Structure formats: C-alpha cells, structure tokens
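What you see below is based on every heavy atom in this structure, not just the backbone, and it leaves out hydrogens, waters and symmetry mates. For ligands, and for the atoms within them, numbers begin at 1 and follow the listed sequence. Just so we're clear, the structure is a prediction, and the values are computed from it rather than from any experiment. We're numbering straight along the sequence, starting at 1.
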Amino acid sequence: MIVALKPNVSPEKQERLVEWFKEMGLGVHVSTGTYQTVLGLIGDTTKVDMDLVGSLDIVEKVSRVTETFKCCNRKFHPDDTVIDVNGVKIGGGNFCIIAGPCSVESEEQIVGIAKAVKEAGAGMLRGGAFKPRTSPYDFQGLRAVGLELLKTARRETGLPIVTEIMSATDLPLFEDVDVLQVGARNMQNFDLLRELGRTDKPILLKRGLANTLKELLMSAEYIMASGNEKVILCERGIRTFSDYLRNTLDLSAVPMLHELSHLPVVVDPSHATGIAKLVPPMALAGTACGCDGLLIEVHNDPVHALSDGAQSIKPDEFAVLAKKIKAVREASL
Ligand code: PEP
Ligand code: MN
C-alpha cells in the first residue's frame with residue numbers, strides 16, 4: 001500500500017503516522033522526494049482501513065500496489081534513484097559509460113584499455129576476473145589476480161571498477177571493488193542476491209537470458225529487501241529466434257523499466273548483439289530511448305581476446321562512438 005503525504009507535513013506528524021503503521025505490524029519504507037514524501041507499507045495490509053488513512057489531514061492519497069515488487073517500484077519511490085560510485089553518478093539524468101574488456105587478461109591490457117576509455121569519456125572501467133563461461137574448458141578468468149589488476153587500473157586512471165561476482169563465498173575478495181556485477185546467468189541465484197543485499201555496494205544486475213522484466217525486478221527486490229537499495233538494472237539482450245545475432249536487444253525494456261521502477265537502467269549492446277560492428281548503432285539506439293548508461297566491451301586486440309573478441313570494439317572505435325553518444329544525448333534532451 002502507498003500513502004502519499006501532503007506537502008510540508010511536520011516531521012513529528014509523519015513520525016506518528018509511521019509509528020502507527022509499525023504498531024500494526026507493517027514495515028514502512030519512507031521515500032522523501034523533492035515535492036512529496038511517500039510511505040510504502042510492506043506486509044499484510046489487508047486489515048488497514050484505506051478510507052480511515054485517506055481521511056487523515058496529512059494524507060493526500062492512498063492506493064494499493066498490486067505488483068509484488070515494492071522496494072524497486074516507482075510508486076513507492078517516485079523520484080529516480082541516483083547511484084554515486086566514488087563521485088561518478090548514474091541515474092536521475094546522470095549518464096555513465098562503463099567500458100572495458102570482457103576479461104582482464106594482463107596488467108598491460110587492462111591498464112592500457114582503462115587509460116584509453118577514460119580519455120574517450122568512460123565513467124567506469126569494466127573487466128571480468130571471474131568469468132561465467134558456457135564451456136568449462138574456456139578461459140575462466142584470472143580470478144583473484146584479475147581483481148588486483150583491476151585495482152591497479154583504477155589507481156592509474158581513477159576510474160571506479162565494475163566486475164562480476166559469481167558466488168557469495170568470494171565476497172571477501174571483492175571488498176575493494178566499486179560495483180559488483182551479477183551476470184545474466186546468475187540473475188535468479190537468490191542466495192547470491194540476498195547476500196549482496198547485505199552489502200552496501202552498488203550492484204549491476206543483468207537481465208537473464210530468458211527472463212521477463214517482472215523477474216528482473218523481483219531479483220532487484222531480493223537485493224533491496226535485504227537492505228541494499230543501490231541497484232542498477234541492465235538490459236543485455238534476451239534469447240529469441242533471431243538467427244544472426246547472439247541475442248535480441250529488448251530496447252523497449254528501457255522506457256518500460258523506467259516507468260515501473262526508479263532504478264537506473266543500463267544497456268549492454270555488446271552481449272546483446274555479439275557482433276562488434278552492431279555495437280555502435282545499438283549503443284546509440286539505447287541512448288536515444290533514454291538509458292542511464294551503457295556497458296560496452298572494448299579490447300585493444302579483439303582478434304586475440306581470451307573471451308568475447310567478436311563483440312569487442314577497439315579503443316579508437318570507442319572514442320568515435322563516445323562522441324556520437326554525447327551528440328545523441330544532447331539531441332534527445
Ligand atoms: C559480461 O558482462 O562479461 C557477461 C558475462 O555478461 P552476461 O552475464 O550479460 O552474459
Ligand atoms: Mn563478455
């Protein structure tokens with residue numbers, strides 16, 4: 001249930017109302033917006049008398065939420081969430097490009113790419129250290145060593161680092177990572193989501209290969225209901241019957257997720273298409289439909305990349321793309 005308060009309600013009156021709901025055994029999520037404060041009631045609200053609550057002089061409107069996702073629901077939290085990663089913001093009008101290789105391969109590789117993408121305008125550096133590969137015989141990532149190399153690249157460039165975590169047991173290794181990525185294959189690893197909800201790190205949550213938007217939001221809900229509200233959603237393409245592409249980029253997910261949720265939405269054109277030359281047009285399309293950021297795979301030597309070389313663009317192509325992204329953003333504002 002959502003209780004929207006009238007403007008300028010005194011803190012004492014608001015607190016009295018919150019306490020009253022808590023006495024009924026309900027959880028109360030308070031969202032203080034620029035113009036309005038909204039209380040989200042969590043729990044069994046069937047016994048709450050909506051008419052009585054609606055008649056209180058400090059209450060503007062009461063409505064029931066039919067959706068099962070609450071914490072990430074825009075009705076609970078009308079203002080966009082802005083996530084601040086060491087001063088780099090994403091959401092609520094703040095746009096950020098996260099760029100870097102699929103996998104961290106060596107110090108020279110990750111530091112070189114980090115410098116190049118920073119120079120071109122990226123706000124964060126990505127790079128996989130723990131890699132979820134379809135085949136157990138493929139490169140699995142440099143693991144703990146990869147995380148150390150990412151930190152070296154951060155020291156050299158100042159870019160916050162984004163990297164995938166596959167298991168909650170690895171969490172101690174990720175203590176000094178800025179953004180934890182949950183990959184498509186782990187979107188419904190509920191134990192992992194719950195554990196990440198107990199951390200205070202921003203989580204980049206990728207949509208599963210065959211998951212609906214509601215399932216994506218329910219996964220965000222797992223993290224948020226465990227106490228961590230810093231979730232960034234990522235549309236990275238879904239499996240369809242499109243035969244020439246790795247996946248199908250569901251761009252309509254961007255405005256739909258923005259309508260349903262207050263969380264930032266990032267588009268990943270690299271995993272969505274699997275083809276380097278399709279990355280720029282789809283990155284621009286994602287930008288045009290209002291995403292809050294992009295996740296782009298960049299490699300200095302894609303032909304010899306240890307993973308996802310076919311979809312990786314080169315640093316000079318990234319620099320050209322970053323300029324076009326800026327132009328599209330300016331044109332669509
Ligand atoms: C990745 O970002 O490198 C990755 C493995 O992505 P996804 O989980 O979307 O396949
Ligand atoms: Mn990849």
Below 4.0 angstrom from a heavy atom of G183, which ligand 1 atoms are there? Numbered from 1 as shown, please.
8 (O)

Distance-only N or O hit between ligand 1 and C102, under 3.5 Å:
no

Would you say E297 contacts ligand 1, with heavy atoms under 4.0 Å as the rule?
yes

In H271, what N, O or S atom is nearest to the Mn ion (ligand 2), if we give its atom name?
NE2

When distances are taken from atom 5 (C) of ligand 1, the protein heavy atom at minimum range is E164 OE1, 3.8 Å

Side chains of R74 and D80: closer than 4.5 Å at any heavy-atom pair?
yes

So, R133 versus Q140: side-chain donor-acceptor pair below 3.5 Å or not?
no

Best match, K206, R126, Q311: closest heavy atom to atom 3 (O) of ligand 1
R126

Tell me: protein heavy atom nearest atom 9 (O) of ligand 1, and distance?
R236 NE, 2.6 Å

Nearest N/O/S atom of E297 with respect to the Mn ion (ligand 2), by atom name, please.
OE2

R246 to ligand 1: N or O pair under 3.5 Å?
no

Applying side chain to side chain contact (heavy atoms under 4.5 Å, CB included) between H271 and each of L209, D308, V279, L249, report the one that passes.
D308

Distance to 0.1 Å, residue and atom name: give those for the protein heavy atom nearest to atom 4 (C) of ligand 1.
H271 NE2, 3.4 Å

Nitrogen or oxygen of D308 less than 3.5 angstrom from that of ligand 1:
no

In terms of hydrophobic clusters joined by side-chain contacts under 4.5 Å, are M282 and V267 together?
yes

For the pair F190 and Y222, name the ring-plane relationship: parallel under 30°, tilted 30 to 60°, perpendicular over 60°.
parallel

closest protein heavy atom to atom 8 (O) of ligand 1 is A184 N, 2.7 Å

Nearest 10°: the angle subtended at the Mn ion (ligand 2) by C102 SG and D308 OD2?
90°

Check this for me: E107, atom CD, are more than 12 non-hydrogen atoms of other residues, nucleotides or ligands nearer than 6.0 Å?
no

Say whether T163 and R126, considering side chains only, have a donor N or O and an acceptor N or O under 3.5 Å apart.
no

Qualifying residue, where the test is side chain to side chain contact (heavy atoms under 4.5 Å, CB included) with M24 and the options are D44, V48, T45, L41:
V48

In terms of the angle between their ring planes, are H262 and H77 parallel, tilted or perpendicular, with boundaries placed at 30° and 60°?
parallel

